[in-house]
Amino acid sequence: MAWWHDAVIYQVYVRSFADSTGDGVGDLRGIIAKLPYLAQLGVDAVWLNPFYPSPQKDAGYDVSDYRDVEPLFGDLSDFDNLMGAAHRLGLRVVIDLVPNHTSSEHPWFRAALAAPPNSRERARYLFRDGRGESGELPPNDWQSIFGGSAWTRVGDGQWYLHLFAPEQPDLDWTDQGVVAEFDDILRFWLDRGVDGFRIDVAHGLAKDPALVDMPDHLDPDIPPWVAQSRHPFWDRDEVHEVYRRWRSILDSYPGDRVTVAEAWVYDPTRFARYLRRDELHTAFNFTFLMAPWDASALRGAIDDTLEGLRDVGAPATWVLANHDVAREVSRYGDGAIGLRRARAACLLMLSLPGSAYIYQGEELGLEEVRDIPPELRQDPLYSRSGGADPGRDGCRVPMPWTGDAPPFGFSSSPSPWLPQPPTWAAKTAEAQERDPASMLSLYRNALRIRSSREDLRAGGLQWLDTDASVLAFTRGTGFACVVNTGPEPVPLPAGLASARVRLASDPLGRGGDLPGDTAVWVELPA
Ligand code: TEU
């Protein structure tokens with residue numbers, strides 16, 4: 001079985017992991033210095049958020065050169081050193097590919113602005129004439145995910161499409177030059193030894209050729225970045241051609257290279273289409289991430305996921321957090337209760353069949369930082385929504401490594417690009433390393449057990465009968481996980497009473513009861 005079927009992949013948010021230069025922004029050399037920490041944590045691979053040259057209008061998801069490293073983060077030789085150091089420690093490296101849009105500073109977009117309407121240069125993007133008497137209205141009513149119209153007008157009166165910020169013009173994937181360019185970008189990084197790609201906005205590359213207005217059948221309550229059926233730009237059938245093409249490129253390389261799609265597609269059948277045998281290997285499972293802390297919602301998300309993937313044979317992925325969503329400690333209720341639930345969720349996630357993702361700081365139990373001063377907030381989602389949406393800076397605050405005051409060893413600069421809360425003194429990696437009851441110790445122990453047990457990685461999942469507020473399942477014949485999402489203690493399910501406890505997210509009650517918001521891993525007698 002290829003490594004990615006059961007891998008645990010750690011997401012490194014490059015800007016916020018470790019700063020080696022003292023400019024307050026994380027960088028590749030900073031990551032190299034912390035690779036031993038990741039090896040000791042026990043993960044199999046890292047995924048790096050975009051580190052390419054970029055004006056940083058959307059934290060690097062606005063790429064101006066797909067074949068180099070942003071000077072803030074280092075250079076190509078730092079990248080090669082990072083690859084070498086990671087591989088020596090047995091860690092694979094997955095990088096982020098941003099194919100839906102470029103930066104407005106990309107040479108292609110500059111050339112498009114300099115060229116006239118209907119030129120070869122404009123054909124790589126979606127330039128159109130406007131509506132209204134003199135073209136003063138946007139070509140259609142699409143809204144940007146970050147707020148406002150998805151169209152911006154240029155000097156000669158034409159408009160261009162940007163599903164995200166105006167500094168992120170969408171590429172036209174019907175243009176063969178665009179297709180060929182990305183083939184070449186994939187090869188550039190595969191030749192440098194990368195183990196795979198995370199595909200940004202994988203459900204967005206194809207647009208309705210007529211660029212029709214938003215149809216009436218769409219549900220306004222569904223978040224704007226989530227696919228719905230017959231949508232003019234999400235999850236259209238044409239995207240699959242791109243992925244078949246990329247799969248054949250990856251397959252032509254030695255070793256097991258992997259793709260993971262960022263596809264906000266909740267319909268399990270539509271989702272599975274990205275993972276057909278000649279398309280992408282894996283995709284983030286956002287159904288699990290979005291589920292509330294509730295046994296039946298979580299069980300529903302798990303069943304739908306496993307059921308949806310059965311026919312395509314792709315492994316499931318499990319994700320609790322990333323750089324776009326509020327941290328799970330906060331989503332699950334903040335404070336002591338949020339942390340307690342996040343600890344239980346860790347054991348749940350790491351005992352489900354498939355691969356799992358850990359977002360940096362999740363293993364430290366970091367919470368969402370809500371009090372970032374407005375003038376320091378960087379996310380375009382905040383500014384473009386006029387502050388109505390707090391944006392995603394709160395989950396992107398730099399890592400606390402050591403010491404008892406900010407910047408907690410992240411940087412030698414006293415003011416990292418986002419400020420860290422002083423209360424993180426108790427959450428540093430250094431403080432948690434010494435504490436066997438810490439979140440970090442829980443993640444380390446769980447990952448150690450997971451890697452030592454074949455049944456946890458490859459065994460089937462079987463649900464056990466339990467109370468409505470409890471999730472209980474076996475993996476193979478020798479292992480079980482029980483999660484109590486309710487507030488009251490419950491006895492372990494019949495049949496598990498004589499089992500040996502391997503790990504618990506919090507201490508069990510007297511008589512072996514499972515307290516509220518607690519999970520336990522048990523070994524079953526042979
Ligand atoms: O995100 C795609 C996306 O649509 C959502 O993640 C959305 O931006 C977010 O949930 C709103 O709250 C990807 C990247 O992960 C994100 O960081 C980028 O901003 C976006 O693409 C544009 O490249």
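Counting starts at 1 for both ligands and their atoms, in listed order. Only heavy atoms go into these numbers, but all of them, side chains included; no hydrogens, no water, no symmetry mates.
Every residue two or more places apart in sequence or in another chain was checked for a ring pair (Phe, Tyr, Trp, His ring centres under 6.0 Å) with Phe408, and none qualifies. In this structure Asp44 satisfies the salt bridge (charged side-chain N to carboxylate O under 4.0 Å, His left out) test with no other residue, sequence neighbours excluded. By the side chain to side chain contact (heavy atoms under 4.5 Å, CB included) test, Asp80 pairs with Arg192, sequence neighbours left out.
Using a heavy-atom distance under 4.0 Å as the criterion, the protein contacts of ligand 1 are Asp58, Tyr61, His101, Phe146, Phe164, Gln168, Arg198, Asp200, Val201, Trp225, Glu262, Trp264, His323, Asp324, Leu381, Arg392, Arg396.
Counting only distance, with no hydrogens or angles, the side chain of Gln360 and the backbone of Ser16 share a donor-acceptor pair below 3.5 Å. Not one N or O on the side chain of Arg124 forms a donor-acceptor pair closer than 3.5 Å with the backbone of Asp172.
The shortest distance between side-chain heavy atoms of Glu70 and Phe51 does not fall below 4.5 Å.
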